[in-house]
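I have placed the structure first, in the form of structure tokens, so that the comments after it can refer back to it.
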Amino acid sequence: MYVKQISVFLENTTGTLAAMTGLLGKNGIDLIAMSIADTEHYGILRTIVSDTDKAVQVLKDAGYTVKLTDVLAVSVPDRPGGLNDVLEALADEEIGINYVYSFVRSTGNHAMVIFRVNNLEAAERLFAKHNVQVLSQEQVRGL
């Protein structure tokens, strides 16, 4: 089960991120997780939001370049070595990681981590084999 991630191309100028997040906020869209990769002139915001379809439409209507990507959201034990166990399992199966970022939405003994890997199906099977909980879009929204 995959989670839809929105990627938004942004100019790397003062206020650009605030304008985009303000637009989402004014439309009642909650940011659940986000990561930004930047260069000197532009950045790519990757985000999981409370209403993916509405966010995509609002952003496109405002002139943003938007792309949807399937990612895996997993619950990883929040303890020393918890993430490493998952990373080693992926490495052992030769599943490459394109990028990863984490987010916090609730207290507890697990961290929530977003993975973009080169083989989603294989990673999902591997996580099931290793009893790593893969979260659905609805579960992520409900955190």
Side-chain angles (χ1 to χ4, degrees), residues 1-13 15-79 82-143:
M1 80 189 94
Y2 309 135
V3 171
K4 292 292 183 189
Q5 170 191 268
I6 299 172
S7 297
V8 184
F9 182 83
L10 298 172
E11 279 189 55
N12 192 357
T13 57
T16 303
L17 180 59
M20 194 231 46
T21 59
L23 178 64
L24 293 178
K26 288 176 188 168
N27 283 278
I29 300 164
D30 188 21
L31 293 168
I32 295 171
M34 74 175 214
S35 172
I36 299 176
D38 71 330
T39 67
E40 184 177 342
H41 301 290
Y42 68 91
I44 298 175
L45 169 83
R46 294 181 174 111
T47 187
I48 310 298
V49 297
S50 59
D51 188 334
T52 305
D53 294 336
K54 183 177 180 182
V56 168
Q57 191 60 54
V58 164
L59 291 167
K60 284 184 175 181
D61 288 349
Y64 289 95
T65 300
V66 179
K67 180 181 176 189
L68 280 177
T69 307
D70 288 330
V71 294
L72 292 169
V74 301
S75 176
V76 176
D78 192 9
R79 59 166 171 73
L83 177 60
N84 186 63
D85 293 344
V86 174
L87 296 175
E88 284 184 351
L90 289 169
D92 288 347
E93 294 295 321
E94 298 186 13
I95 297 171
I97 298 170
N98 300 98
Y99 54 82
V100 60
Y101 57 99
S102 64
F103 64 103
V104 177
R105 290 292 284 192
S106 63
T107 60
N109 58 359
H110 284 77
M112 305 302 153
V113 181
I114 303 292
F115 283 94
R116 174 69 174 150
V117 296
N118 63 357
N119 189 331
L120 288 166
E121 296 84 9
E124 190 172 28
R125 286 191 302 272
L126 176 74
F127 289 150
K129 178 180 170 183
H130 289 272
N131 297 316
V132 175
Q133 182 185 8
V134 176
L135 305 171
S136 69
Q137 190 90 34
E138 292 75 27
Q139 288 171 307
V140 170
R141 287 183 183 140
L143 293 175

### Query
Do we get Arg46 above Tyr101's six-membered ring, with its NZ or CZ under 6.0 Å from the centre and within 45° of the axis?
no
### Query
Any Lys/Arg nitrogen of Lys54 or Asp61 sitting under 4.0 Å from an Asp/Glu carboxylate oxygen of the other?
no
### Task
Under the ring pair (Phe, Tyr, Trp, His ring centres under 6.0 Å) rule, collect the residues that match up with Phe9, sequence neighbours excluded.
Tyr42
### Query
Within a radius of less than 6.0 Å around CD of Glu121, do more than 12 heavy atoms belonging to other residues, nucleotides or ligands occur?
yes
### Query
Is there a side-chain contact between Ile44 and Ile36 (heavy atoms, below 4.5 Å)?
no
### Query
Does any non-hydrogen side-chain atom of Val3 lie less than 4.5 Å from one of Glu138?
no
### Summary
Here the pair of heavy atoms bringing Arg141 nearest to Thr52 is NH2-OG1, 3.3 Å
### Shortest non-hydrogen contact from Leu24 toward Ala55
CD2-CB, 4.0 Å
### Query
Could you give the distance from OG1 (Thr47) to CG (Leu31), rounded to the nearest 0.5 Å?
4.5 Å
For residues 63-72, which side-chain donor-acceptor pairs fall under 3.5 Å, sequence neighbours excluded?
residue	atom	partner	partner atom	Å
Asp70	OD1	Lys4	NZ	2.7

### Message
Just by distance, no angles: are the side chains of Gln57 and Asp53 close enough, under 3.5 Å, to form a donor-acceptor pair?
### Response
no
### Task
First locate atom CG of Leu90, then atom CD1 of Ile95, and finally report the distance between them rounded to the nearest 0.5 Å.
5.5 Å
### CD (Glu11) with more than 12 external heavy atoms under 6.0 Å
no
#### Entry: Glu88 CD to Glu93 CD distance, which is reported to the nearest 0.5 Å
13.0 Å
### Message
Test your reading of the model: is there a side-chain donor-acceptor pair from Asn12 to the backbone of Thr39, 3.5 Å cut-off?
### Response
yes
### Message
Give me the atom names and distance for the closest heavy-atom approach of Phe103 to Val113.
### Response
CE2-N, 4.3 Å
### Query
Would you say the side-chain atoms of Ser50 pair up with the backbone N or O of Asp30, donor to acceptor, closer than 3.5 Å?
yes
### Task
Compare every heavy atom of Asn27 with every heavy atom of Leu23, then report the nearest pair and how far apart it is.
O-ND2, 2.8 Å
### Message
Using the ring centroid of each side chain, check whether Phe115 and Phe127 are separated by less than 6.0 Å.
### Response
yes
## Note on the structure
What one should report as the nearest heavy-atom pair of Gln5 and Ile114 is OE1-CG2, 4.2 Å
### Query
What distance do Gln139 atom CD and Gln133 atom CD have between them, rounded to the nearest 0.5 Å?
5.5 Å
### Query
Does Thr21 use its side chain to pair, donor to acceptor, with the backbone of Leu17 at less than 3.5 Å?
yes
### Task
Side-chain contact test, heavy atoms from C-beta onward, threshold under 4.5 Å: evaluate it for Leu135 versus Val74 and give yes or no.
no
### Task
Would you check if Val86 and His130 make a side-chain contact, meaning some heavy-atom pair closer than 4.5 Å?
no
